[in-house]
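One structure below.
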Amino acid sequence: MTRTLVADLPSHLDETVTVYGWINTLRLQRRMQFVLVRDHTGLIQVTHARGGEGDEIEAAFERVTAESAVKITGKVVGNPQVKLGGLEIVPERVEVVSPAEPKLPIDEHTGLDQRLDWRFLDIRRPSQHLVFAVQTTVEQAMREVTAEEGFTELHTPKLMGTASESGAEVFKVDYFERTAYLAQSPQFYKQMAIAAGIDKVFEIGPVFRAEPSFTSRHATEFTGVDAELAWIDGVEDVMAFEERLLQRVLRRVSERHGDAVTEHFGARVVVPETPFPRLTMADALTKLRATGWDPEGAKDDLDPEGERRLCALVAEETGHEFVFVTRFPASVRPFYHLRPEDDPTVTESFDLLWKGVEITTGAQREHRHERLIAQAREKGMETEPLAGYLNCFRFGTPPHGGLGLGLGRLLMLLLGLPTIREVTFLFRGPHRLEP
RNA sequence: GGUCCCGUGGAGCAGUUGGUUAGCUCGCCACCCUGUCAAGGUGGAGGUCGCGGGUUCAAGUCCCGUCGGGAUCGCCA
């Protein structure tokens, strides 16, 4: 028995096919039974004239419930009366593969918290399914670009022997007779790949943050997109790579899903021009303060309101939704960010903001062993736990830089959704570990 | 972790200032129904008002605690 997708039915007019899917809607009338069946590619009406006693199809449709899994064999018939594509299937055989219980726990009005409890049902809905189709295209486009540009895709360890770089909270795991930690980023390992002579490295993988952050843009487990490039001339090379990456991603999403994204989410997929605008942190702060923004105390960093305002300003002035903020002060950046000779109080670093949200952090890295140690000590860090990382820099490490981008944030902003939970298959937060 | 908001049939919401049998829409069940297509019509079932305690003659409503959800800040991809 060969399966035919609903989207392919127009090519099978007057043929007998078998569709596999779920019962979407039942309209059982005295003489006719109308049944809508949905697969992941669309919806089709199945129309059966009742045959009375002994009619097994009639009986099957009387018993079946919404969301039951079915296989239906029948003839594809053109019928202008049918508002759904002018096609219907006249059934010859109906098999209820797996019935659904009559009372569904969610419907189209259900709130997000309960939808997440029943996420496998929630994602059957076309709009939810679209999220992961878009995500697939995003990752495919990233792999196009990285493949073209000579990257090697690695999968770095997620079990670590020490807590990693930034001191952000880590999850501890029992590891035989010792304690391991779930990786907060692949930062150290991708730099080890650079030291290994892998010229450009790239990973899409999970990271874990034991942060009690109850916001719409945080999760305790999320997917990071990380890249590291060797032999760069400066941090500009990293930003330029990210521009190429994101331009391609948005182009591919626009081509394959632009209309559907607008239909389901009301969002427009805009392919950006490059280069994206750049502002140093100092310039960004000056611009923001001119608008009246001034969070409590003198800050060297942007708060979320500052990020939103800066994006709005830049969009107004340049038409760009993206903006790089560069040269963050050393005080707010990790010890391994390179400090320029001309001004060692700042770093050769950047954040990329999109639609008011930080989606990427990146930098050129300090590649000289002595300076790394000095910068770590200056920040009050013990170097002994970092030995495995620092050893990479003792044997001719080239200049390099990289970035970390949050896939969930990208998707959330791309689709215009209010929370990262909407774009995560199975969300993990401080209070959610199920399903 | 801070601040604020919310929790009422399966879902989404009403339920001024405490007071009759807690209401509506959708869903569910039953019956009806000339091709329905957000189908329609008639009838029915279903709610410890998150949980615990308090005030009061009387609490869904007021007070305290607690659990859960959301917004936002802290934090950050």
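Below, read A as the first sequence line, B as the second, and so on, with proteins coming before strands; counting in each chain starts at 1.
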* Of residues 117-144 of chain A, the positions that come close to RNA chain B - non-hydrogen atoms, cut-off under 4.0 Å -> none
* **Same-atom distance (P) from G43(B) to U25(B), integer angstrom** => 12 Å
* **Base U36(B) paired with Gln45(A) side chain (donor-acceptor, <3.5 Å)** => yes
* **By salt bridge (charged side-chain N to carboxylate O under 4.0 Å, His left out) - contacts of Glu58(A) (at least two apart)** => Arg50(A)
Distances for protein N/O vs nucleotides 43-50 of chain B N/O pairs under 3.5 angstrom?
none

* Structure fact -> Within residues 214-224 of chain A, those residues having any heavy atom closer than 4.0 Å to RNA chain B are Phe214(A), Thr215(A), Ser216(A), Arg217(A), His218(A), Ala219(A), Phe222(A)
* Whole angstrom value for the distance that separates C1' of G35(B) from CD of Gln81(A) -> 5 Å
* Structure fact -> With Glu92(A) as partner, the option from Thr18(A), Ile72(A), Thr16(A) fulfilling side-chain contact (heavy atoms from CB on, under 4.5 Å) is Thr16(A)
* Residues within residues 412-423 of chain A bordering RNA chain B, heavy-atom distance below 4.0 Å -> Ile420(A), Arg421(A)
* Name all pairs fulfilling the salt bridge (Lys or Arg N to Asp or Glu O under 4.0 Å) condition that reach into residues 13-40 of chain A, sequence neighbours left out, sorted by first residue then second. => Arg38(A)-Glu67(A)
* Asked: Does any residue of residues 271-285 of chain A have a heavy atom under 4.0 Å from RNA chain B, and if so, which ones, in number order?
  -> none
* Taking for each residue the nucleotide of RNA chain B with the nearest heavy atom, is it Arg50(A) or Glu305(A) whose nucleotide lies nearer the 5' end? -> Arg50(A)
* To do: Can you check whether any acceptor in the base of G1(B) is under 3.5 Å from a donor in the side chain of Glu211(A), or vice versa?
  => no
* To do: Hey, which sits more toward the 5' end of RNA chain B by its nearest nucleotide, Arg31(A) or Thr65(A)?
  => Thr65(A)
* Closest to side chain of Thr25(A), choosing from A39(B), U34(B), A77(B) -> A39(B)
* To do: Determine, using ring centers only, whether His431(A) and Phe214(A) are less than 6.0 Å apart.
  => yes
* **Lys71(A) and Thr73(A) side chains, donor-acceptor separation under 3.5 Å** => no
* **Arg309(A) and Thr291(A): CA distance, side-chain angles, deciding distance, side chain to side chain donor-acceptor pair (under 3.5 Å) verdict** => CA-CA 9 Å; Arg309(A) 282 189 187 224; Thr291(A) 72; 2.9 Å; yes
* Establish, with yes or no, whether the OP1 or OP2 oxygen of C76(B) is under 4.0 angstrom from a side-chain nitrogen or oxygen of Ser213(A). => no
* Provide the full list of salt bridge (Lys or Arg N to Asp or Glu O under 4.0 Å) pairs with a residue in residues 412-429 of chain A, sequence neighbours left out, each pair given once. => Arg115(A)-Glu422(A)
* Modelled atom types, side-chain donor and acceptor of Thr110(A) and Asp107(A), under 3.5 Å -> yes
* For the ring pair Phe208(A) and Phe171(A), is the centre-to-centre distance below 6.0 Å? -> no
* Report the residues that fulfil salt bridge (charged side-chain N to carboxylate O under 4.0 Å, His left out) with Glu321(A), sequence neighbours left out, ordered by chain and then residue number. => none
* Treat primed atoms plus P, OP1 and OP2 as sugar-phosphate and everything else as base, then score nucleotides 2-12 of chain B 5' to 3': B for base contact with protein heavy atoms under 4.0 Å, S for sugar-phosphate contact only, - for none. => --------BSS
In residues 240-247 of chain A, what donor-acceptor pairs under 3.5 Å come from side-chain atoms, sequence neighbours left out?
| unit_1 | atom_1 | unit_2 | atom_2 | d |
| --- | --- | --- | --- | --- |
| Glu242(A) | OE2 | Thr360(A) | OG1 | 2.6 |
| Glu243(A) | OE2 | Phe276(A) | N | 2.6 |
| Glu243(A) | OE2 | Arg278(A) | NH1 | 2.7 |
| Glu243(A) | OE2 | Arg278(A) | NH2 | 3.1 |
| Arg244(A) | NE | Glu149(A) | OE2 | 2.8 |
| Arg244(A) | NH2 | Glu149(A) | OE1 | 2.9 |
| Gln247(A) | NE2 | Pro272(A) | O | 3.0 |

* Phe427(A) CZ to G70(B) C1', straight-line distance once rounded to whole Å -> 12 Å
* Asked: Taking atom C1' of A39(B) as reference, at what distance in whole Å does atom CG of Leu36(A) sit?
  -> 11 Å
* Asked: Would one find a side-chain N or O of Arg30(A) under 4.0 angstrom from OP1 or OP2 of G41(B)?
  -> no
* Range-with-range stems for RNA chain B, at least three Watson-Crick or G-U pairs under 3.5 Å -> B:1-7 with B:67-73, B:10-13 with B:23-26, B:28-32 with B:40-44, B:50-54 with B:62-66
* To do: Record whether the side chain of Arg409(A) comes under 3.5 Å of the base of C76(B) through a donor-acceptor pair of N or O atoms.
  => yes
* Asked: Would you call Glu221(A)-Arg209(A) a salt bridge at under 4.0 Å N-O?
  -> no
